[in-house]
There are 2 protein chains.
Amino acid sequence: MTEPNIIRIFSVDDHPLMHEGIAALINNQPDMEMVAEAFKGSDALAQFRLSQPDVTLMDLRLPDISGIDAMISILNEFPDARVIMLTMFEGDVEIRRALKSGACGYLLKTMPPKELVAVIRRVHAGKKHIPTEIAQNLAEHLGEETLTAREIEVLKCVAEGNRNRDIGEKLFISEETVKVHVKHIMDKLYASDRTQAVAIALRRGIIQL
Amino acid sequence: MTEPNIIRIFSVDDHPLMHEGIAALINNQPDMEMVAEAFKGSDALAQFRLSQPDVTLMDLRLPDISGIDAMISILNEFPDARVIMLTMFEGDVEIRRALKSGACGYLLKTMPPKELVAVIRRVHAGKKHIPTEIAQNLAEHLGEETLTAREIEVLKCVAEGNRNRDIGEKLFISEETVKVHVKHIMDKLYASDRTQAVAIALRRGIIQL
DNA sequence: GCGAAAATACCACTATTTAAGTATTGAAAA
DNA sequence: TTTTCAATACTTAAATAGTGGTATTTTCGC
């Protein structure tokens, strides 16, 4: 039914125009074929089941669930699925999470089309691929400690303008404990105060608005 | 040289894939034609001069200068240019600035392709177009006061984690004056503290990281 | 089970921010 | 030209945040 040696591609993206662009590019390659499209994370698994693609291009930011979670649900059922994360730009935290969760590549949408098809071929051949641009960003924060789940919870409250006392009440812990968390957060993010901590966390994708 | 009644379109976007998508869409329309492309804001004016398009699609976020500034430089030389701002999503401040600077429309990249071509036709016919989605967002912040240039300067320093005293030294004003500015900023943004002020300003596009 | 890391709590102290006023100056707008 | 707005400066007092300790409990990986 399908020709041999044709790389079957599935694209998940909520931007119809980006879909068009990717499809035009893919279908111009003699060794590639676009076999399915999804616009929402919740449709991705079903579409994957139907089309059984060789390579999946997954947008990180989707209207319903995160592209990473959509990928995880696919990998859960199809452990051999090869997924390339395709995104505008996110902080190092998202990249790390995507790779740790099993992504075979992580590409910026600003890349030249040639590079995209090259990476698709590499990934299809069983390799992993991270562009130097992104690898550099990863390296910058390599030795740095990551925030714990509790610290992120606290940081979100801080970003909402809550006082330490109110954060304590919300999370059912004492104000003193909140202070300790905030101090650890500032230390880990190299922030001089809570305000800069929030700004840095937003830039790095640790929290979102 | 060019057929009559064909809408000549110029696209400025730093995403090659988006370019492809837009071009594919445009060239599929019987009454439209893609006549030029630019990937940087600094190239936009020169390309415009060469191609003299009917409608320009301008990405807000470009690698070098802002899409708004690129549009302004075009409108400066060609006051009748019709520019549609095309973007992922930005805060209300950017939208306001784009429209005030002379944009004929402001579209989200998440829109269906049909809508894009419809808006291009409307704009080409001399109308302005803002989708309800965006109009709503604009309305939300309608009566709210805008920050002065000085307040934005101060706010940027706040976001960088500076103390009021240090901000004063940086901007050559007294710490007391900084306090007044910060107070006004918080009042205008309905923030309970400087931290939330920064978070809100980032979301609304008043400052960027 | 052991050791490490995380979350919790308390104390005491200092630094900083925030509130709520008044007031002067220059520039822009009506 | 008057009026408004923005920026500037000051004071006082209270609230909040940040620092540096110690210590207990739980959870997780080895």
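Below, chain A is the first sequence line, B the second, and so on; all start at residue 1.
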Whether [X] contacts [N] is assessed here as follows: a side-chain N or O lying under 4.0 Å from the phosphate OP1 or OP2. Is that the case?
X	N	answer
B/T148	D/dA6	no
B/R150	D/dT8	yes
B/H184	D/dA7	no

Separation of [N] [atom2] from [X] [atom1] (nearest whole Å):
X	N	atom1	atom2	value
A/I185	D/dA17	CD1	P	13 Å
B/L147	D/dA7	CG	C1'	15 Å
A/I173	D/dT26	CD1	P	17 Å
B/I167	D/dA7	CD1	C1'	16 Å
B/N164	D/dA17	CG	P	14 Å
A/K183	D/dT22	NZ	P	15 Å
B/L171	D/dA9	CG	P	11 Å

remark   = B/H19 meets the side-chain contact (heavy atoms from CB on, under 4.5 Å) criterion, sequence neighbours left out, with B/S11, B/D13, B/E37, B/F39

task = Name the residue closer to the 5' end of DNA chain C, choosing between B/E175 and A/A149 according to the nucleotide with the nearest heavy atom.
result = A/A149

message = How about CZ on B/R96, more than 12 heavy atoms from neighbouring residues, nucleotides or ligands closer than 6.0 Å, or not?
response = yes

inquiry  = Please report the interatomic distance CD1(B/I120) to CD(B/E115), rounded to the nearest 0.5 Å.
reply    = 11.5 Å

Pairs of donor and acceptor atoms involving the side chains of residues 170-178 of chain A, under 3.5 Å and at least two apart or interchain, shall be tabulated with distances.
from   : atom 1 : to     : atom 2 : distance (Å)
A/S174 : OG     : A/E176 : N      : 3.3
A/S174 : OG     : A/T177 : N      : 3.2
A/S174 : OG     : A/T177 : OG1    : 3.1

ask   = When you list every nucleotide of DNA chain C with an atom under 4.0 Å from a heavy atom of chain A, which one comes first 5' to 3', and which comes last?
value = C/dA6 to C/dC11

remark   = With the side chain defined as heavy atoms from C-beta on, A/R194 is closest, among D/dA9, D/dT19, D/dG18, to D/dG18

message = Any carboxylate oxygen within less than 4.0 angstrom of a Lys/Arg side-chain nitrogen, looking at A/E153 and A/K156?
response = no

ask   = Counting any heavy atom closer than 4.0 Å, what does A/S174 reach on the DNA or RNA strands: base, sugar-phosphate only, or nothing?
value = sugar-phosphate

query = With no angle test and no hydrogens, is the base of D/dG18 tied to the side chain of A/K179 by a donor-acceptor pair under 3.5 Å?
reply = yes

note = On DNA chain D, more 5' by nearest nucleotide between B/E176 and B/E151 is B/E151

ask   = Parallel, tilted or perpendicular: which describes the rings of B/F78 and B/F48, with under 30° parallel and over 60° perpendicular?
value = tilted

task = Considering non-hydrogen atoms only, spot the tightest contact between A/S51 and A/Q47 and give its length.
result = OG-O, 2.7 Å

